[in-house]
Structures are given as C-alpha cells and as structure tokens.
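Every number for a ligand or one of its atoms is a count from 1 in the order of the listing. Only a predicted model underlies this, so the values are computations on that prediction, with no experimental measurement involved.
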Amino acid sequence: MGSTPLRILVTGGAGFLGSHLCDRLVAQGHDVICLDNLFTSQKSNIAHLLGRPNFEFVRHDVTDPYLAEVDQIYNLACPAAPGHYQYNPIKTMKTSVMGAINMLGLAKRVRARIMHASTSEVYGDPEVHPQPESYRGSVNPIGIRACYDEGKRAAETLMFDYHRQNGVDVRVVRIFNTYGPRMHPYDGRVVSNFIRQAITGEPITLYGDGSQTRSFCYCDDLIDAFISMMNGPDDFHGPVNIGNPGEFAIRELAELVVDIVGGGSSIVQARPLPADDPLQRKPDITLAKDRLGWQPRIALRDGLQRTIEWFKSADLSKYRPPTPNY
Ligand code: NAD
Ligand code: UDP
C-alpha cells in the first residue's frame, strides 16, 4: 500500500462491516468516501467519522451509477441478513448485480482496484465439508435464499468477466458468518437475536433443533483480511474464503451466549428450520493462509464478550427495525 494516502470508495460503508472498514481506512489516513442508501443501517454507525477531513458520506443507491476519482473500491453494499434480503428479494438481486456492474464500470473507467464482498452462501447447503474455494456449491436457484445466493454468484461472474475481458483488477472474498459490535440489533441474524434475547431475559429462539452448524468470525479479524486481500499479491484475485474455521452447532452458540450473559433465558425450539437453511458451514481457509498469511485470532467466547458489551451499551430503542422479519 505504501505511505501515500489513497482515495477509497466503500459501498455499504455505513453498515456493520462497512463502518468497521471505514474506521480502519480513515485511521490509516486514506481519503474515504462512504456510499450507502441506509437501507439496513443508520448514520449512528459512522457518526464519529462525520467530522473527519478524510471522510465523506454519500447517500446513494448502488443500482444507480456513481462516478468518482478513486484508487480502490470495496463493494459491500447489499442487505446481508436473511430477513433483510428476503424483505424485497427483487431489489436484493438488483443491488448485487446492478451494483456490481456499476462499480465494475467505475473501476474500469478510473482504473481502480475493486474488492467484492461475496459470501459462503455461494456454496448453498453444502455437500462438501469444510468448504474449499474449488467447491461449486449447491444452491436452490428458485428458493427464498436465491435472491441473495444467486445475486452474489452472478456478481462473482461479473467480477471475473470484467477481469478477463477488460483487465479490471478484481479481488473476491467469500465471507463466512461474521459478528461484532454494530450488527443491527433487529437484523434477525442468530448472533444479534441470541444476544438481544439473553440481555432482555427473553427465550432464546432456536430454529429447528439447533444441530445445524455455523462458523463465526469476529469483525476485526475480517477487516484484517479485507485489507490484506485488497493490498495483496498482484496476481491473486481470489475467490478466497474468509472466516473462522471453529464450527459450532447453533444450540452450542445459544448455551455460550446464555453462559456469558447470565440471567434466566430458556432455550426453546421456536420454529422449524427455515427453507433452504444450510445444515453445515465451515470454511477451509488454507488459501487465505497461504496467499495472504491471514488467519483469525479472536476466539468465539472473546468476540461474543466484546459484542455483548456493545449490545448492553447500545440504545436499542434508537434502532429502526427495517423489516417485519426480525
Ligand atoms: P449490513 O446490512 O450491515 O451492511 C450492508 C450495507 O449496504 C448497509 O449499510 C445497507 O444500507 C447498504 N445497502 C444495501 N443495499 C444498498 C443499495 N442498493 N445501495 C447502497 N447501499 C446499500 O450487512 P454486513 O453484515 O455489514 O454485510 C456487508 C457485506 O458483506 C454485504 O455485501 C454482505 O453480503 C457481505 N457478507 C456479510 C456477512 C456477515 O456475516 N456479516 C457474510 C457474508 C457476506
Ligand atoms: N437461527 C436460529 N435462531 C434465530 C436466528 C437464526 O436458530 O433466532 C439459525 C438459522 O436458522 C440458521 C443459523 O441460525 O440456521 C444462522 O442464521 P443467520 O440468519 O444468522 O445466518 P445464515 O443462515 O445466513 O448463516
């Protein structure tokens, strides 16, 4: 990266991961444009950055073109929680596909390097475990998760076609479940639900019997990987898995959260497993270790403790439940 400040565009920059990325880039002295339509986030995530001379917020929807002279683009704009992306599935697909086209068009025009936030959902309900990048996935193309999964798969296709056809310098990361402070408390994701429920003494809601697994990465580890990938070897475009290989049954996560928070929340089977909900998920991160020298450092208990502290300090009444699906 060198010591020269770069002009960096972060789409989805006011969201959970985007705001942590903006924090890091602003602290490094870069000139950061945070572009977001605030669909699943709020300005409070970036309020502390608004007065900084090297930070600028632009309210904009990535389905419309946006032009700016920049050196790097991190493309994160997309609702990420199932309840959020299923709220308006057609818009979700448009955001992934048209957002990718608009940002790739910009990268091509100004010769910027672009890093795209893809997802472990490209593997669908995987038959190969753990998932290496070479696994092509098992996605139901007409199911309720398809707007997100197939949107992200199409965006990956666009990244590599712009690279082959137009020489755009692309980087693709496949993010596995990531958690931490500034997750939307009402996004319906498992970590935010369980922590909120434990703090308020409500029952912890397992979907299904809680034997399905996920692997949880703390946000700070993920941001390290983003920066390493964006500034990594010239010939390394990915896709690369980024996640924590520690694998936990959802019931284990519930027990851990209750153990840390204390209090009397019961753990209940609240509803059947949602349609197409993957039964297992764990990243093979051999490639990230080899090419980026990256691996996560923060254990689940430590990361949960930090996240729980943030949830306790947050004023939950200030968060708008953006959808009825939380
Ligand atoms: P988030 O919902 O907090 O952030 C997404 C941001 O994108 C929000 O600020 C939202 O307002 C914005 N956005 C949505 N549609 C937009 C549009 N059309 N135009 C402009 N802005 C728009 O979610 P997150 O967890 O921070 O996810 C960030 C990125 O990482 C997403 O692309 C997501 O798919 C990807 N990802 C996240 C995870 C995870 O576990 N957190 C896992 C896999 C992939
Ligand atoms: N889940 C759950 N209770 C909740 C929310 C989610 O048991 O209150 C389950 C969900 O069915 C899934 C897992 O937790 O099996 C992770 O869900 P999340 O929405 O966080 O992410 P994703 O399914 O996209 O990995």
Quiz prompt | Of the listed options Cys78, Cys34, Gly15, closest to atom 7 (O) of ligand 1 (non-hydrogen atoms) | solution = Cys78
Quiz item: Is there a donor-acceptor pair closer than 3.5 Å between any side-chain N or O of Asn177 and the backbone N or O of Arg214?
Solution: no
Quiz prompt | Among Asp224, Asp221, Ile285, the one residue meeting side-chain contact (heavy atoms from CB on, under 4.5 Å) with Gln295 | solution =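 For Gln295, the side-chain contact (heavy atoms from CB on, under 4.5 Å) test succeeds with only one of Asp224, Asp221, Ile285, which is Ile285.
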Quiz item: In terms of side-chain geometry, is the basic nitrogen of Asp23 or Arg182 positioned less than 4.0 Å from the acidic oxygen of its partner?
Solution: yes
Quiz item: Do Arg111 and Asp169 sit within salt-bridge range, that is, some charged N less than 4.0 Å from a carboxylate O?
Solution: no
Quiz prompt | By side chain to side chain donor-acceptor pair (under 3.5 Å) - contacts of Asn88 (at least two apart) | solution =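 Asn88 satisfies side chain to side chain donor-acceptor pair (under 3.5 Å) with no other residue.
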Quiz prompt | For Ser215, all residues meeting side chain to side chain donor-acceptor pair (under 3.5 Å), sequence neighbours excluded | solution = none
How does [X] reach ligand 1, by side chain, by backbone, by both or by neither, if only non-hydrogen atoms under 4.0 Å count?
X	answer
Ser118	backbone
Thr95	side chain
Lys152	side chain
Arg189	side chain
Thr11	neither

Flag side-chain contact, heavy atom, 4.5 Å: [X] against [Y]:
X	Y	value
Asn140	Ile142	yes
Leu253	Leu304	yes
Met159	His163	no

Practice problem: Decide whether the shortest distance between a heavy atom of Tyr148 and an atom of ligand 1 is less than 4.0 Å. | Solution: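 It does, in that a heavy atom of Tyr148 comes within the 4.0 Å cut-off of ligand 1.
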Practice problem: Could you establish whether His60 and ligand 1 come within less than 4.0 Å of each other, counting only heavy atoms on the residue side? | Solution: yes
Which residue holds the protein heavy atom closest to [atom], what is that atom called, and what is the gap in Å?
atom	answer
atom 40 (O) of ligand 1	Thr178 N, 2.8 Å
atom 37 (C) of ligand 1	Leu17 CD1, 3.8 Å
atom 12 (C) of ligand 1	Asp36 OD1, 3.3 Å
atom 23 (O) of ligand 1	Ala80 CB, 3.5 Å
atom 16 (C) of ligand 1	Asn37 OD1, 3.3 Å
atom 31 (C) of ligand 1	Leu76 O, 3.1 Å
atom 18 (N) of ligand 1	Asp61 OD1, 3.0 Å
atom 10 (C) of ligand 1	Thr40 OG1, 3.2 Å

Per-atom contacts of ligand 1 with [X], taking only distances under 4.0 Å to non-hydrogen atoms:
X	result
Ile175	30 (O), 35 (C), 36 (N), 38 (C), 42 (C), 43 (C), 44 (C)
Asn177	40 (O)
Ala14	9 (O)
Thr119	43 (C), 44 (C)
Ala77	7 (O), 20 (C), 21 (N), 22 (C)
Leu38	11 (O)

Practice problem: Would you please test Thr213 and Lys282 for side chain to side chain contact (heavy atoms under 4.5 Å, CB included) and show each step? | Solution: CA-CA 8 Å; Thr213 67; Lys282 169 183 167 138; 5.9 Å; no
Quiz prompt | Parallel, tilted or perpendicular: ring planes of Tyr148 versus Tyr85, cut at 30 and 60 degrees | solution =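 Rings of Tyr148 and Tyr85: parallel, as their planes differ by under 30°.
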Exercise. Give me the ring orientation class for Trp310 and Tyr319: parallel if the planes are under 30° apart, tilted from 30 to 60°, perpendicular past 60°.
Key: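 Perpendicular.
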Exercise. Show your working on side-chain hydrogen bond (donor to acceptor under 3.5 Å, both in side chains) between Asp125 and Gln280 and close with a plain yes or no.
Key: CA-CA 7 Å; Asp125 190 3; Gln280 54 182 358; over 6 Å; no
Quiz item: Of the non-hydrogen atoms in His184 and Thr40, which two are nearest, and what is the gap between them?
Solution: CD2-O, 3.6 Å
Quiz item: Does the pair Ser118 and Arg174 meet the rule for a side-chain hydrogen bond (donor to acceptor under 3.5 Å, both in side chains), with working shown?
Solution: CA-CA 5 Å; Ser118 190; Arg174 292 181 177 159; 4.8 Å; no
Would [X] count as being in polar contact with ligand 1, using the rule that some N or O on each side must be under 3.5 angstrom apart?
X	result
Asn75	no
Val62	yes
Phe16	yes
Leu35	no

Practice problem: For His84 and Gln86, run side-chain hydrogen bond (donor to acceptor under 3.5 Å, both in side chains): C-alpha distance rounded to whole Å, both residues' side-chain angles, the deciding distance at 0.1 Å, then the answer. | Solution: CA-CA 6 Å; His84 287 172; Gln86 289 164 16; over 6 Å; no
Exercise. Determine whether the side chains of Thr205 and Gln197 contain a donor N or O and an acceptor N or O closer than 3.5 Å.
Key: yes
Exercise. May I ask you to establish whether Arg189 and Tyr179 are in a cation-pi arrangement, using a distance under 6.0 Å from NZ or CZ to the six-membered ring centre and at most 45° from the ring axis?
Key: no
Would you mind listing each N/O atom of ligand 2 next to any protein N/O under 3.5 Å, plus the distance?
| residue | atom | partner | partner atom | Å |
| --- | --- | --- | --- | --- |
| ligand 2 | 3 (N) | Thr205 | O | 2.6 |
| ligand 2 | 7 (O) | Tyr207 | N | 2.8 |
| ligand 2 | 8 (O) | Asn193 | ND2 | 2.8 |
| ligand 2 | 8 (O) | Thr205 | O | 3.2 |
| ligand 2 | 8 (O) | Thr205 | OG1 | 2.9 |
| ligand 2 | 8 (O) | Tyr207 | OH | 3.4 |
| ligand 2 | 11 (O) | Asp277 | OD2 | 2.6 |
| ligand 2 | 15 (O) | Gln212 | NE2 | 3.0 |
| ligand 2 | 15 (O) | Arg214 | NH2 | 3.4 |
| ligand 2 | 15 (O) | Asp277 | OD1 | 2.6 |
| ligand 2 | 15 (O) | Asp277 | OD2 | 3.3 |
| ligand 2 | 20 (O) | Val190 | N | 2.8 |
| ligand 2 | 23 (O) | Arg145 | NH2 | 2.9 |
| ligand 2 | 23 (O) | Arg214 | NH2 | 3.1 |
| ligand 2 | 24 (O) | Arg145 | NH2 | 2.9 |
| ligand 2 | 25 (O) | Asn177 | ND2 | 2.9 |
| ligand 2 | 25 (O) | Arg214 | NE | 2.7 |
| ligand 2 | 25 (O) | Arg281 | NH1 | 2.6 |

Exercise. Go through the structure and list residues passing ring-ring contact (aromatic ring centres under 6.0 Å, His included) with Phe16, not counting sequence neighbours.
Key: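 So Phe16 forms a ring-ring contact (aromatic ring centres under 6.0 Å, His included) with His20.
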